[in-house]
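See below for the structure under consideration.
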Amino acid sequence: MLLKVYAATVLKHSVIVRKLCRLYSSSVKMSLEQAKQVAAYRAVDEFVTNGCIFGVGSGSTVVYAVQRLAERVETENLKVTCVPTSFQAKQLIVKHNLTLGELDTSPVIDVTIDGADEVDSHMTLIKGGGGCLLQEKIVASCSKKLIVIADYTKDSVKLGDRYKKGIPIEVVPLAYVPIQKKIEAMYGGEVKLRKAVAKAGPVVTDNGNFILDWLFTNQDLDWDKVSNVIKMIPGVVETGLFVKMCHKAYFGQPEGNVVERQ
Ligand SMILES: O=C[C@H](O)[C@H](O)[C@H](O)COP(=O)(O)O
């Protein structure tokens, strides 16, 4: 009898603990989403003006930026031309009935708002966690200003402090093995072929290439130099290192405020 009561009490408590854990993890998720949203809204409100050519970044934080842009276009009757950085970005533009542009007709972009996987204290970025780095870098390079929007978990002192998945590198499929070996020989660490989740085999980018993720060990490298050296390896299309490109970063905080860095 005593044993039964004991077992029932343990069971009851473990159910309560599980419920509390679920509640905690959903509130963390909630505050991350809120943090993304406040950063995105702030950036769109500060940088999007009537008549501007706007570069639309990729990823989950950009979804909020496009949402805010669509609200402003509707309520303020703004004329904004949106140039996408990925298939996802193009879909967002179309879904919100915004004006779709392209680099052929809008080669100079006023401002691009994009997410990042990590931002260091020098405003060097890791991008490409979602596989969209090539078009993002092209659009950023055509932009007068690149503005980053992110939640507080992306704000680092050194690259690799917080983002543990490595630096994405887009490569031509037939060259992926020699590129892996060359990067490992030059800089150490491990270079992994990114595998798809709902497909057998590797991730294939919007441009038909593969993604390598370089799990670097030395956090004190000269990232500008490293990016240029890696880009010179035949078969490398682009790296996810964005050096000296970011004009300003907005980090949404769990409390709902936004920290800005320039
Ligand atoms: O490839 C993806 C892009 O570089 C994203 O901008 C980056 O991964 C950040 O995405 P999110 O806003 O989802 O964290």
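When a ligand or atom number is given, it counts from 1 through the structure's own listing order. Here the structure is a predicted model, which is why all the values come from computation and not from measurement.
No side-chain heavy atom of Ile211 sits less than 4.5 Å from a side-chain heavy atom of Leu193. Two residues are said to be in side-chain contact when any heavy atoms from C-beta on lie closer than 4.5 Å; Ile149 and Asp114 fail this criterion. With contacts defined as side-chain heavy-atom distances shorter than 4.5 Å, the pair Phe54/Ile109 does not qualify. Here the side chains of Lys248 and Glu46 are in contact, with some heavy-atom distance below 4.5 Å. Residues Arg194 and Leu212 are not in side-chain contact: their nearest non-hydrogen atoms beyond the backbone lie 4.5 Å or more apart.
Any N or O atom pair closer than 3.5 Å counts here, and Gly131 shares at least one such pair with ligand 1. Inclusion of Val62 in the set of residues having an N or O under 3.5 Å from an N or O of ligand 1 is not warranted. By the 3.5 Å distance cut-off applied to N or O atoms, Lys36 is not counted among the residues near ligand 1.
Taking every non-hydrogen atom of Lys127 and a distance limit under 4.0 Å, the qualifying atoms of ligand 1 come out as 3 (C), 4 (O), 5 (C), 6 (O). Here is the list of ligand 1 atoms found below 4.0 Å of a heavy atom in Asp114: 6 (O). For ligand 1, the atoms sitting less than 4.0 Å from at least one non-hydrogen atom of Thr61 are 11 (P), 12 (O), numbered in the order shown with element in parentheses.
Protein heavy atom nearest atom 10 (O) of ligand 1, with residue, atom name and distance: Gly59 CA, 3.9 Å. Protein heavy atom in closest approach to atom 14 (O) of ligand 1: Lys154 NZ, 2.6 Å. Of all protein heavy atoms, the one lying nearest to atom 3 (C) of ligand 1 is Glu136 OE2, 3.0 Å. What sits closest to atom 13 (O) of ligand 1 on the protein, heavy atoms only, is Ser60 OG, 2.5 Å. For atom 5 (C) of ligand 1, the closest non-hydrogen atom of the protein is Ser58 O, 3.2 Å.
Taking all heavy atoms of Asp117, Asp206, Thr153 into account, the minimum distance to atom 9 (C) of ligand 1 is reached by Asp117. Among Gly130, Ala65, Pro168, the residue whose heavy atom lies nearest to atom 2 (C) of ligand 1 is Gly130.
Residues Phe216 and Trp223 bring their aromatic ring centres within 6.0 Å.
Transitive grouping of hydrophobic side chains (ILVMFWY, heavy atoms separated by less than 4.5 Å) brings Val177 and Trp214 into a common cluster.
Under 4.0 angstrom from ligand 1, the non-hydrogen atoms of Ala116 all belong to its backbone.
The local environment of NZ in Lys244 is sparse, with at most 12 non-hydrogen atoms from other residues, nucleotides or ligands closer than 6.0 Å.
Residues Lys165 and Tyr163 have side chains that never bring a donor and an acceptor to within less than 3.5 angstrom of each other.
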